[in-house]
Amino acid sequence: MDPVEFLSKLEKTTIMAVEFDGGVVMGADSRTTTGAYIANRVTDKLTPIHERIFCCRSGSAADTQAIADAVTYQLGFHSIELDEAPLVQTAASLFRDMCYRYREELMAGIIVAGWDPRRGGQVYTVPVGGMMTRQPVSVGGSGSSYIYGYVDSNYRPAMSKEECLKFTAEALTLAMERDGSSGGVVRLAVISEQGVERQVILGNQLPKFSTV
Amino acid sequence: MATVSVCQYHRGGFSFENCKRNALLEADINKLGFSSPAARKTGTTICGVVYKDGVVLGADTRATEGMVVADKNCSKIHYISPNVYCCGAGTAADTEMTTQIISSNLELHSLSTGRLPRVATANRMLKQMLFRYQGYIGAALVLGGVDCTGPHLYSIYPHGSTDKLPYVTMGSGSLAAMAVFEDRYRPNMEEEEAKRLVRDAIAAGIFNDLGSGSNIDLCVITKGKVDYLRPHDVANKKGVREDKIYGRPVTGNYRYKHGTTGVLAKTVTPLNLEVVEENVQTMDTS
């Protein structure tokens with residue numbers, strides 16, 4: 001008769017980010033589970049870190065929320081000191097420092113993406129363990145295993161913003177179909193010099209693939 | 001940069017100093033054949049909903065210690081600030097103390113800022129404290145209130161993660177209550193409809209979950225007003241035993257009626273006692 005909350009809440013998830021010329025497209029599913037119960041079916045896993053820097057969170061909900069809050073504070077302070085917009089690489093480094101230092105205690109897989117004036121759109125991945133690397137396209141979470149093939153075969157460099165949105169939405173849909181820990185709605189965000197545009201694709205509006 | 005709370009000074013990083021000691025103590029106790037006392041848990045149903053003018057929080061009133069009901073009418077909706085209340089599920093002591101600590105810190109913070117506290121502030125304080133204790137504080141909370149930015153509702157889990165949603169349920173009866181919410185929730189409900197919805201959700205938890213029971217408490221928070229309805233609904237009325245016979249209540253009277261046992265023979269032997277010595281000692285009533 002133990003209450004459900006004593007199991008830790010996980011965002012086992014599917015998350016993804018793609019660079020294009022002029023910005024990045026980020027996407028995530030919306031499911032948070034406690035054991036077999038879906039604690040939140042409309043989670044927002046795309047968390048703003050700064051005006052034009054977001055992160056996709058996967059792993060333990062508590063750990064990633066706490067890390068994101070800490071990095072948001074550190075980056076905001078750094079940006080005020082510098083009196084200019086922070087670099088995406090700085091944000092990613094802050095994530096990496098925290099995830100590596102406390103690697104034994106944390107379970108967090110994070111994709112940092114955004115736009116800065118110096119290097120344009122960038123995607124950095126900080127998986128469990130605390131490595132950091134820049135990639136043009138990155139997937140993460142438990143559902144990512146199912147879409148590596150799709151991403152590798154369908155990604156082309158120099159895609160436009162609309163192509164990236166379609167690519168991300170379709171990849172996430174395929175992962176959500178196959179992974180039990182991912183589902184709900186698809187949340188998308190486009191970050192560019194102009195700012196941030198956010199979208200939600202509801203369950204019945206997801207792209208349809210052949211049902212076998 | 002500095003926080004305004006005064007209660008605890010915390011160093012950076014995680015401190016697991018006492019875990020080893022606790023494990024050794026537990027092993028020692030088990031060797032002697034005793035078990036460490038189980039924490040009293042509120043196997044519970046708590047929930048909250050955001051409606052047109054504010055939030056409605058609801059809770060059952062049963063506190064269990066293992067399989068026994070320890071308290072038939074405990075209060076699970078805790079005061080945080082005049083405009084923010086918090087329902088608590090999980091270990092009863094943890095929810096009680098956690099909410100009191102944050103309530104105290106929030107009052108100091110409010111005096112320092114000179115403003116009515118915001119729900120988001122209470123949420124931050126709670127999640128940061130629970131994360132610091134890495135889930136060892138078994139407090140699962142539903143935090144709701146109305147501040148200058150409008151009505152807000154959060155669910156806070158023992159490990160320190162939070163969700164901001166229009167309707168939330170927690171506790172062992174949360175699945176039953178969520179079923180009711182998923183069926184009947186609409187955005188921008190009127191107050192009566194919202195109260196009925198929360199009442200029905202808690203009732204679902206009470207009647208379908210063994211860990212929840214007794215009465216339904218409600219707390220309706222709007223801008224400038226809080227209605228703490230305890231109890232809002234006595235869902236389980238205790239029955240009254242058979243009424244009176246011969247003008248005396250039958251309950252608690254275990255004497256048999258005259259004539260129940262037939263008397264066959266009766267012998268009376270008088271005992272003549274003489275008073276030999278009388279000794280009076282006054283009671284010391286100073």
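Every chain is numbered from 1, with letters handed out A, B, ... down the list of sequences. These values consider heavy atoms only, across backbone and side chains, with no hydrogens, waters or symmetry-generated copies. Quantities reported herein were computed from a predicted structural model and do not represent experimental measurements.
To the nearest 0.5 Å, the span separating CZ on R124(B) from CG on D69(A) amounts to 4.0 Å. Of the inter-residue distances, the one linking M178(B) atom CE with R41(A) atom CZ reads 7.5 Å to the nearest 0.5 angstrom. Rounding to the nearest 0.5 Å places CG of L165(B) at 4.5 Å from CG of N40(A).
The number of heavy-atom neighbours closer than 6.0 Å to CG of N204(A), taken from other residues, nucleotides and ligands shown, is above 12. In E51(A), the CD atom is not crowded: 12 or fewer heavy atoms of neighbouring residues, nucleotides or ligands sit closer than 6.0 Å. Other residues, nucleotides and ligands contribute more than 12 heavy atoms inside 6.0 Å of the CZ atom of F207(B). Around CD of Q100(B), the count of heavy atoms belonging to other residues, nucleotides or ligands within 6.0 Å exceeds 12. Residue R118(B) qualifies as open at atom CZ: its count of foreign heavy atoms under 6.0 Å is 12 or below. Heavy-atom neighbours of R198(A) CZ from other residues, nucleotides or ligands within 6.0 Å: above the threshold of 12.
Of the atoms belonging to K164(B), not a single heavy atom falls under 4.5 Å from chain A. When heavy atoms are compared at a cutoff of 4.5 Å, Y136(B) does not approach chain A at all.
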Practice item. Check step by step if side chain to side chain contact (heavy atoms under 4.5 Å, CB included) holds for Q65(A) and F131(B). Key: CA-CA 10 Å; Q65(A) 283 183 14; F131(B) 183 75; over 6 Å; no
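The two atoms that bring E105(A) and Q134(B) nearest to each other are O-OE1, 4.3 Å, heavy atoms only.
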